[in-house]
Number of protein chains: 2
Amino acid sequence: MESRPLSYFVAVAEELNFARAAERLGISPPPLSRAIRRLETDLGVTLFERTTHSVTLTPAGTVLLTEARIALDALRAAGRRAQRAASPEPKLVLAVKADGDAGLLEPILTRHASSDPAAAPVAVRLCAWHEQPRLLRQGEADAALVHEPFDRTGLDSEALVAEPRVVALAATHPLAGKDHVALADLGLRPGDVHRFIDETRGRGHDLAQLLTLVGLGDVTPLFPVSVADRYPRPGVVYRPVTDAPPAVLAIAWPQQSRSTDVAALVRAAMSVAEAGQG
Amino acid sequence: MESRPLSYFVAVAEELNFARAAERLGISPPPLSRAIRRLETDLGVTLFERTTHSVTLTPAGTVLLTEARIALDALRAAGRRAQRAASPEPKLVLAVKADGDAGLLEPILTRHASSDPAAAPVAVRLCAWHEQPRLLRQGEADAALVHEPFDRTGLDSEALVAEPRVVALAATHPLAGKDHVALADLGLRPGDVHRFIDETRGRGHDLAQLLTLVGLGDVTPLFPVSVADRYPRPGVVYRPVTDAPPAVLAIAWPQQSRSTDVAALVRAAMSVAEAGQG
DNA sequence: CCACGTTACGCATTTCGTAACTATG
DNA sequence: CATAGTTACGAAATGCGTAACGTGG
């Protein structure tokens with residue numbers, strides 16, 4: 001099993017269109033078509049049902065897509081980790097979504113550094129929403145602070161803290177007058193919360209953009225209370241959402257990690273979280 | 001990052017000798033040498049310190065070896081799992097070392113089949129000592145019954161049962177007269193037990209060979225008591241080893257598995273184990 | 001009939017093997 | 001000085017692109 005045909009396959013499976021996939025890969029359609037066909041004959045498995053005007057994945061193709069992503073991530077991770085191991089000062093990289101640390105980032109770093117004089121130096125890598133699992137899987141980070149739920153494939157994690165959620169409202173919003181809000185007031189059922197959060201995130205590139213939209217009354221996103229504490233903004237009010245599931249912040253790391261440095265950082269994070277809870 | 005140069009790297013890293021590695025790969029030394037050198041320049045990292053008469057891994061090379069094995073296993077697994085998904089009757093494959101199931105195999109299969117009329121059919125794959133983790137990681141099996149300790153990289157597991165250990169002795173062995181034996185009688189300390197078990201396993205290709213050697217007084221291997229129960233043999237006696245750590249049998253499966261079929265099989269195994277304990 | 005995947009054919013790049021070279025223990 | 005890794009060069013194989021084809025919506 002070669003990696004390049006597999007990456008070609010992933011492109012086609014994601015686009016479900018040979019021409020677009022070829023463009024994305026920087027090659028022309030014919031070699032792509034042949035590579036897929038050869039992959040199919042080598043495996044002895046049909047991966048796509050194709051007519052001239054539609055390309056769909058077979059069940060086997062669906063399986064291969066998930067597995068191929070895992071394998072290709074692992075391949076990238078191998079290279080990255082080797083490079084990082086050779087870098088002059090091998091650091092631990094901790095991926096954090098900006099302001100998605102519930103205020104724990106600084107205490108964790110302090111605790112980690114003070115716990116052991118020989119503790120590995122930690123570099124913080126700020127990243128976008130939902131980017132942490134990919135960074136871990138592709139070997140660009142050693143650990144990450146991430147809100148549940150996230151894709152645990154290939155990762156281990158420990159929950160750190162659970163924060164109440166608040167809703168951000170325009171000051172002129174009808175609900176802004178209330179002390180606290182219920183999901184039903186927002187037209188949400190408990191099962192819809194995580195989907196709703198994903199959707200509202202997509203509305204702005206960062207928190208500032210999103211809060212601007214809030215001020216305009218275009219959106220009413222849910223946040224962990226720690227975000228509200230740090231981002232007061234004229235024209236925007238935060239109200240507790242009493243029955244929303246809490247925002248659980250966890251620390252995650254590659255499941256196969258054997259690094260004692262990662263273990264030390266995780267320990268520091270858990271001890272900070274316990275202290276905070278108590 | 002391509003897969004073939006990486007597999008070349010693994011061969012060299014394992015052999016620490018370009019000529020032998022080339023032979024193992026079925027190519028000649030020159031292209032191998034160049035492939036490694038190109039890998040190094042592409043990564044910008046030195047992987048081997050080499051003189052004409054010695055090849056050693058650098059720290060970065062050591063990291064890459066671990067990571068490369070994971071990635072290449074994942075690559076093989078992708079192909080295998082796609083093939084299995086396309087096979088006419090998608091079965092669950094359960095890897096078991098012959099007679100390494102503590103008598104749980106048949107009850108587990110029965111429980112699984114009877115728990116749900118729609119339960120996936122299970123095919124048992126018999127394998128050699130310590131082969132199960134590889135089969136799981138390379139996608140040739142979906143779950144495995146395996147004795148701890150084993151390499152958990154990329155795997156999840158649940159312990160099922162802990163069995164007392166016995167030592168197999170020639171009937172003429174001085175210790176054969178005793179009712180039970182202590183590790184010290186065998187010249188072992190508790191920390192040495194697992195290493196000792198690995199060594200003694202290497203002495204024979206299967207249980208029959210090993211018991212022949214026992215009869216000759218050449219070796220005194222440790223077994224879970226379930227093995228002793230099933231393999232009475234003239235000239236060989238089994239004696240409990242009171243202070244040996246128990247043989248813990250676990251069920252393991254790929255960590256990234258999302259299959260409900262695997263989950264059902266694991267549940268069946270755990271429920272059989274609990275019933276047996278009670 | 002138009003769009004899109006496929007086949008046909010020739011070219012470029014990569015990869016391999018044999019032979020000669022070099023450096024270390 | 002012998003062994004093992006490397007360089008040199010020609011050959012085979014693999015992969016790619018342009019052009020032409022077929023088929024289904």
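Letters A, B, ... mirror the listed sequences (proteins, then strands); counts begin at 1.
Residues A:Thr153 and B:Arg258 bring a donor and an acceptor atom of their side chains to less than 3.5 Å of each other.
The stretch residues 12-20 of chain B comes close to DNA chain D through B:Asn17, B:Phe18, B:Ala19, each having a heavy atom under 4.0 Å from the strand.
For the atom pair CD (B:Gln83) and CD (B:Glu140), the distance works out to 9.0 Å, reported to the nearest 0.5 Å. Here B:Leu222 contributes atom CG and B:Arg201 contributes atom CZ; the two are 10.5 Å apart, rounded to the nearest 0.5 Å.
For B:Arg195 and B:Glu199, the salt-bridge test passes: some basic side-chain N is under 4.0 Å from an acidic carboxylate O. We find that B:Arg84 and A:Glu67 are not joined by a salt bridge, their nearest charged nitrogen and carboxylate oxygen being 4.0 Å or further apart. Contact check on A:Arg76 versus A:Asp73 returns a salt bridge, with a Lys/Arg side-chain nitrogen under 4.0 Å from an Asp/Glu carboxylate oxygen.
Going from atom CG of B:Leu47 over to atom P of D:dG5 covers 16 Å, rounded to whole Å. Regarding A:Phe48, its CZ atom lies at a distance of 19 Å from the C1' atom of D:dG24, rounded to whole Å. For A:Glu40 and C:dG5, the CD to P distance is 14 Å, given to the nearest whole Å. When the P atom of D:dG17 is taken as reference, atom CG of A:Leu25 falls 11 Å away, rounded to whole Å.
B:Ile70 and A:Gln256 make their closest contact through CD1-CG, 3.3 Å (heavy atoms, listed as atom of the first residue, atom of the second, distance). Considering all non-hydrogen atoms of both residues, A:Phe9 and A:Ile36 come closest at CA-CD1, 3.6 Å.
Judged by the 6.0 Å distance and 45° axis criteria, A:Arg152 is positioned over the aromatic ring of A:Phe150.
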Any N/O pairs under 3.5 Å between the protein and nucleotides 22-25 of chain C? List them or say none.
unit_1 : atom_1 : unit_2  : atom_2 : d
C:dT24 : O4'    : B:Thr52 : OG1    : 2.7
C:dT24 : O2     : B:Thr52 : OG1    : 3.4
C:dT24 : O2     : B:His53 : ND1    : 3.1
C:dG25 : OP1    : B:Thr51 : OG1    : 3.4

Exercise. Checking side chain to side chain contact (heavy atoms under 4.5 Å, CB included) for the pair A:Glu23/A:Glu15: CA distance, chi angles, key distance, verdict?
Worked result: CA-CA 11 Å; A:Glu23 187 182 6; A:Glu15 301 284 349; over 6 Å; no

Seminar exercise, completed: Contact string for nucleotides 7-17 of chain C, one letter per nucleotide 5' to 3', B = base within protein heavy-atom range under 4.0 Å, S = sugar-phosphate only, - = neither, reads B-B-----SBB

